[in-house]
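A quick write-up on the structure given underneath.
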Amino acid sequence: MSTSEKIKNELQSLLDEQKDLLKLTNDQKDYIKFGTTYQIWYSRAYKIVEALGSERLEEFISYYHIDPKRKTISTRNYVTQDYINGILTIQLPSYPFNKVDGNNTVKQRVINQIQILRSLESRIDSVLQDIKGHLLADIQDAELKVADQLRKVSLKAAGALAGVILEGHLQRVTQNHNIPIRKKSPTIADLNDPLKNKGIYDNPTWRKIQLLADIRNLCSHKKDREPTGDEVVELISGVNWVIKSIF
């Protein structure tokens, strides 16, 4: 099961539990059972919101957590933690004949949290793709640093590694844009042409990548001459530009 499927299943499980969770807010005698059930649900839901919608996390927490700056309890600042702590009814001092029903209030707080969870369903794949992209970028940066260090030992080895990084990145770009590549093991040139033809980048970029491919070939295959230090530096620098500019 993929990571995406696991997260989707966990999110759906949390949403499926809402009926039983909300049912426990109907009667004050169930507040202890509600507290136990809700605390487990909240801990799981918190992780989902943190991962998929960090900008909604503060709002999600606010429906549960008591504001430490709160001086009095009102309908506006009553939260789920109050209900779990046994504050089941609020007597409004300004209105001695009015009371706030904790059951209905906490039910609305939980519904608000459920709505936040539901709004995150469509973000799972895009968030995971972003995470994957950041991880790949970190790996590519580390590999390029290794290639740069290799220049002191072997120009050809350094250039060959930089070429592998470039080739792998261009393969991912074609996948990102759903561009079919017939060859099982395409070269940089095999990837460069379709990307230019599909308008992913312009002719100057195509020529730049073709030049990088030529330098890579000097490093990876037997040629009439060896690559120069300046050429390998240009290759590493060019690959660094490509992986940070073309997606």
Next item on the list: Only counting residues at least two apart or in another chain, list the ones meeting ring-ring contact (aromatic ring centres under 6.0 Å, His included) with Y31.
Entry: none
Check: Side chains of D20 and T37: closer than 4.5 Å at any heavy-atom pair?
Finding: no
Next item on the list: Test L136 against H169 for side chain to side chain contact (heavy atoms under 4.5 Å, CB included), laying out the working first.
Entry: CA-CA 9 Å; L136 286 172; H169 183 76; over 6 Å; no
Next item on the list: State, with a plain yes or no, whether a side-chain heavy atom of L144 is found less than 4.5 Å away from one of I236.
Entry: yes
Checklist line | Heavy-atom pair with the smallest gap, counting every atom of E10 and R44 | finding: OE2-NE, 2.9 Å
Next item on the list: For the residue pair E5 and N9, confirm or rule out a side-chain donor-acceptor distance under 3.5 Å.
Entry: no
Notebook entry, point to check: Side chains of I209 and L170: closer than 4.5 Å at any heavy-atom pair?
Noted result: yes
Margin query: Do V110 and Q18 have side chains that approach each other closer than 4.5 Å (heavy atoms only, starting at C-beta)?
Written below: no
Notebook entry, point to check: Quick one: CG on N197 to CD1 on I200, what's the gap to the nearest 0.5 Å?
Noted result: 10.5 Å
Next item on the list: Only counting residues at least two apart or in another chain, list the ones meeting side chain to side chain donor-acceptor pair (under 3.5 Å) with K184.
Entry: none
Margin query: If you define the side chain from C-beta out and look only at heavy atoms, does anything of I114 sit under 4.5 Å from L15?
Written below: yes
Check: To the nearest 0.5 Å, how far apart are CD1 in I7 and CG in L120?
Finding: 11.0 Å
Notebook entry, point to check: I181 and V164: same hydrophobic cluster, using ILVMFWY side-chain contacts below 4.5 Å?
Noted result: no
Notebook entry, point to check: Once you round to the nearest 0.5 Å, how far does CG of L211 lie from CD of E231?
Noted result: 8.0 Å
Checklist line | Residues in side chain to side chain contact (heavy atoms under 4.5 Å, CB included) contact with K244, at least two apart in sequence or another chain | finding: D141, N240
Using distance only, find each side-chain donor-acceptor pair of residues 47-55 under 3.5 Å and give its atom names and separation, not counting sequence neighbours.
residue	atom	partner	partner atom	Å
E55	OE2	R123	NH1	2.5
E55	OE2	R123	NH2	3.3

Checklist line | Non-hydrogen atoms of Q140 and I165 that approach each other most closely | finding: CG-CG2, 4.2 Å
Checklist line | N/O donor-acceptor pair under 3.5 Å between H177 side chain and F247 backbone | finding: yes
Notebook entry, point to check: Is there side-chain contact between R151 and D148, with at least one heavy-atom pair below 4.5 Å?
Noted result: yes
Next item on the list: Tell me whether L22 is reachable from I40 by hopping between hydrophobic residues (I, L, V, M, F, W, Y) whose side-chain heavy atoms are closer than 4.5 Å.
Entry: no
Margin query: Checking side-chain polar atoms at under 3.5 Å, does S13 have a donor or acceptor matched by the opposite partner on E17?
Written below: yes
Next item on the list: Indicate, with yes or no, if L161 and V233 share a hydrophobic cluster defined by side-chain heavy-atom contacts under 4.5 Å among Ile, Leu, Val, Met, Phe, Trp and Tyr.
Entry: no
Check: If every non-hydrogen atom of A160 is compared with every non-hydrogen atom of C219, which pair is closest and at what distance?
Finding: N-CB, 3.7 Å
Notebook entry, point to check: How long is the span from the CG atom in D30 to the OG1 atom in T36, to the nearest 0.5 Å?
Noted result: 11.0 Å
Next item on the list: Taking ring-ring contact (aromatic ring centres under 6.0 Å, His included) as the test, write out the residues that go with Y42, two or more places apart.
Entry: Y38, F60, Y64
Checklist line | Test item: D190 side-chain N/O and T187 main-chain N/O as donor-acceptor pair under 3.5 Å | finding: yes
Item checked: side chain to side chain donor-acceptor pair (under 3.5 Å) involving S220 - partner list, sequence neighbours excluded -> R216
Check: Can you list the residues that meet the side chain to side chain contact (heavy atoms under 4.5 Å, CB included) rule with I139, with sequence neighbours excluded?
Finding: E143
Item checked: Flag for Q108-N104: side-chain donor and acceptor within less than 3.5 Å -> no
Notebook entry, point to check: Who pairs with R207 by side chain to side chain donor-acceptor pair (under 3.5 Å), at least two apart in sequence or on another chain?
Noted result: none
Next item on the list: Output all residues satisfying salt bridge (charged side-chain N to carboxylate O under 4.0 Å, His left out) with R182, sequence neighbours left out; order by chain, then residue number.
Entry: none
Next item on the list: Rounded to the nearest 0.5 Å, what's the gap from CZ on R118 to CD on Q113? Could you check?
Entry: 14.0 Å
Notebook entry, point to check: So, E59 side chain and R56 main chain: donor-acceptor pair closer than 3.5 Å or not?
Noted result: no
Check: When rounded to the nearest 0.5 angstrom, what is the spacing between OG1 in T75 and CD1 in I73?
Finding: 11.5 Å
Note to self: Show every side-chain hydrogen bond (donor to acceptor under 3.5 Å, both in side chains) that has at least one partner inside residues 152-164, sequence neighbours left out.
What the structure shows: none
Next item on the list: Considering non-hydrogen atoms only, spot the tightest contact between A162 and V239 and give its length.
Entry: O-CG2, 3.6 Å
Next item on the list: Show your reasoning for whether side chain to side chain contact (heavy atoms under 4.5 Å, CB included) applies to L11 and L117.
Entry: CA-CA 7 Å; L11 179 55; L117 273 180; 3.8 Å; yes
Next item on the list: Look only at the side chain of N85 and the backbone of Q81, and say whether a donor-acceptor pair between them is shorter than 3.5 Å.
Entry: yes
Notebook entry, point to check: Which atoms form the tightest heavy-atom contact between G229 and L155, and what is the distance?
Noted result: N-CD1, 3.7 Å
Checklist line | Check: V79 and H65 side chains under 4.5 Å, non-hydrogen atoms | finding: no
Next item on the list: Over all heavy atoms of both residues, which pair between L150 and A158 is shortest? Give the atoms and the distance, please.
Entry: CB-CB, 3.8 Å
Checklist line | Pairwise side-chain contact, L235 with L218, heavy-atom cut-off 4.5 Å (strictly under) | finding: no
Note to self: Can you list everything that forms a side chain to side chain donor-acceptor pair (under 3.5 Å) with S62? Sequence neighbours excluded, please.
What the structure shows: none
Item checked: Side chain D82, main chain I66, donor-acceptor under 3.5 Å -> no
Check: Does I32 belong to the same Ile/Leu/Val/Met/Phe/Trp/Tyr cluster as I87, with side-chain heavy atoms less than 4.5 Å apart forming each link?
Finding: yes
Next item on the list: Would you please name every residue forming a ring-ring contact (aromatic ring centres under 6.0 Å, His included) with Y83, sequence neighbours left out?
Entry: F34
